[in-house]
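Below is one structure, written out as structure tokens, with a few remarks after it.
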2 protein chains.
Amino acid sequence: MTTITAPAETGHDHGRCVDGALGRAEALCASRGARLTAIRRQVLELVWSGHRPRGAYAILDDMAVEGKRVAPLTVYRALDFLVEQGLVHRIESLNAYIGCPDPDHAHPGQFLVCRECGNAIELNDARVSAAIDACARDQGFTVDRTTVEVRGLCTTCRNSLA
Amino acid sequence: MTTITAPAETGHDHGRCVDGALGRAEALCASRGARLTAIRRQVLELVWSGHRPRGAYAILDDMAVEGKRVAPLTVYRALDFLVEQGLVHRIESLNAYIGCPDPDHAHPGQFLVCRECGNAIELNDARVSAAIDACARDQGFTVDRTTVEVRGLCTTCRNSLA
DNA sequence: AGCGTTATGTAACTATATAACAACGATGAG
DNA sequence: CTCATCGTTGTTATATAGTTACATAACGCT
Ligand SMILES: [Zn+2]
Ligand SMILES: [Zn+2]
Ligand SMILES: [Zn+2]
Ligand SMILES: [Zn+2]
């Protein structure tokens with residue numbers, strides 16, 4: 001199984017994309033009895049403002065109105081909640097966060113991150129997971145969490161640089 | 001091919017371990033015309049002070065003598081050099097650095113990091129690399145660099161917690 | 001309403017990393 | 001050997017990322 005999110009499809013209607021994500025989040029939280037409060041919802045929406053990972057402080061800036069800034073903690077708490085619920089993934093190599101297109105099914109998170117456009121494509125490839133699990137098993141290592149992040153150049157950017 | 005470093009072998013003589021790493025570094029830099037200066041050598045030695053990833057500021061503390069501290073930049077510059085030469089890997093999920101046991105052959109870096117003892121085992125498993133490359137190819141993505149980090153519990157710690 | 005739990009506010013602080021510019025020092029050409 | 005050059009290091013300031021401690025407010029149940 002390989003699930004793919006295409007961030008920069010031609011004709012991509014991002015408003016719809018965000019609405020879908022927020023809708024799934026509402027439903028998921030409701031079904032779990034988790035509270036998607038106003039702040040958490042706003043942070044989730046801001047994480048989804050594009051398909052490139054967004055840093056906590058960028059979100060913090062987004063939330064400022066008329067010189068009034070929320071505290072970093074407010075954002076980090078919301079992000080912690082969203083990550084816990086699987087609505088958002090953290091990209092370790094960028095210290096940034098990105099919305100998950102498929103929060104209903106638990107999965108690690110494997111990402112291709114373009115160095116030019118900054119977009120991140122989420123994969124969840126069974127071959128990769130299986131290979132990692134096999135290695136861990138060989139070492140007698142019990143896996144909690146895996147981080148797979150690939151930096152490089154996406155198709156679109158490669159073509160446009162040619 | 002699966003290369004393994006066992007950080008916590010019983011009877012592991014760490015002095016020898018460090019000497020070996022420094023020797024390989026000397027030879028490698030000499031063969032490349034790269035300059036392993038006193039500072040760089042010291043930072044490499046401190047990275048190798050154990051088999052757990054060490055943060056830049058921890059190294060900075062290590063280097064302080066009688067209240068005299070070097071600047072962060074000094075450490076970061078040395079680490080940049082060491083990473084560039086493949087003598088050290090950066091662990092993204094910990095913002096920390098660890099010595100590479102096999103700097104002579106270029107390789108990404110795949111790590112199992114124990115949540116209890118903090119030790120990191122470096123793997124370089126061809127199955128994992130192949131699976132990732134295949135995914136990237138499927139997406140038309142050109143790979144620069146891959147980050148594979150697995151967090152969990154090592155054999156030793158699992159047994160001692162039992 | 002009363003009460004425990006969960007979420008948010010506020011402030012100060014720690015940790016991680018980079019920028020800009022000056023000074024030093026090894027190396028090689030002349 | 002001397003000077004010019006380039007890579008390395010020093011110094012100071014600043015940017016970015018994340019946490020601790022404690023107070024207050026909202027919610028959800030009885
Ligand atoms: Zn996901
Ligand atoms: Zn791109
Ligand atoms: Zn290595
Ligand atoms: Zn362990």
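Order of the sequence lines sets the chain letters (A, B, ...), proteins ahead of strands, with each chain counted from 1. We use all heavy atoms of the structure for the numbers below, so side chains are in, but hydrogens, waters and symmetry mates are not.
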Rounded to whole angstrom units, what separation is found between the CG atom of B:L79 and the P atom of C:dT18? 11 Å
Inspect the surroundings of CZ in B:R32 and state if more than 12 heavy atoms from other residues, nucleotides or ligands are less than 6.0 Å away. yes
Hey, which sits more toward the 5' end of DNA chain C by its nearest nucleotide, A:A78 or A:P72? A:A78
Between P on D:dA15 and CG on A:L60, what's the gap in Å once rounded to a whole number? 16 Å
Hey, is B:R41 close enough to B:E26 for a salt bridge, meaning N to O under 4.0 Å? yes
Suppose we call a contact any N or O donor and acceptor under 3.5 Å apart; does that hold for the side chain of B:Y57 and the base of C:dA17? yes
Donor + acceptor pair across side chains of A:Q110, A:S129 (<3.5 Å): yes
What parts of residues 82-98 of chain B reach DNA chain C, counting only heavy atoms under 4.0 Å away? B:R90, B:N95
Rounded distance (nearest 0.5 Å) linking atom CG of B:L87 with atom CH2 of B:W48: 10.0 Å
Nearest-0.5 Å distance that lies between atom CG in B:L94 and atom CZ in B:R52: 11.0 Å
Given atom CZ of A:R69 and atom P of D:dT16, what is their separation to the nearest angstrom? 11 Å
Option from A:N119, A:V113, A:I91 for which side chain to side chain contact (heavy atoms under 4.5 Å, CB included) with A:I98 holds: A:I91
Every protein N/O lying under 3.5 Å from an N/O of nucleotides 23-29 of chain D:
none

Expected output: side-chain A:E116 to main-chain A:C157 donor-acceptor under 3.5 Å: no
Is a side-chain donor or acceptor of B:R54 paired with a backbone partner of B:I59 at a separation under 3.5 angstrom? no
Contact class for B:R40 (heavy atom, under 4.0 Å): base, sugar-phosphate, or nothing? sugar-phosphate
In this structure, how many angstroms lie between the C1' atom of C:dT14 and the CG atom of A:L73, rounded? 14 Å
Using a distance-only test with no angle check, is there a side-chain donor-acceptor pair under 3.5 angstrom linking B:E92 and B:T147? no
Would you kindly give the OH-to-P distance between B:Y76 and D:dT16, to the nearest whole Å? 15 Å
Using heavy-atom distances to pick each residue's nearest nucleotide on DNA chain D, tell me which of B:A71 and A:D80 is more 5'. B:A71
Here the distance between atom C1' of D:dT9 and atom CD of B:Q42, to the nearest Å, is 13 Å
In whole angstroms, how far is the P atom of D:dT9 from the CZ atom of B:R41? 14 Å
Between C:dG9 (C1') and A:M63 (CE): distance, integer Å: 12 Å
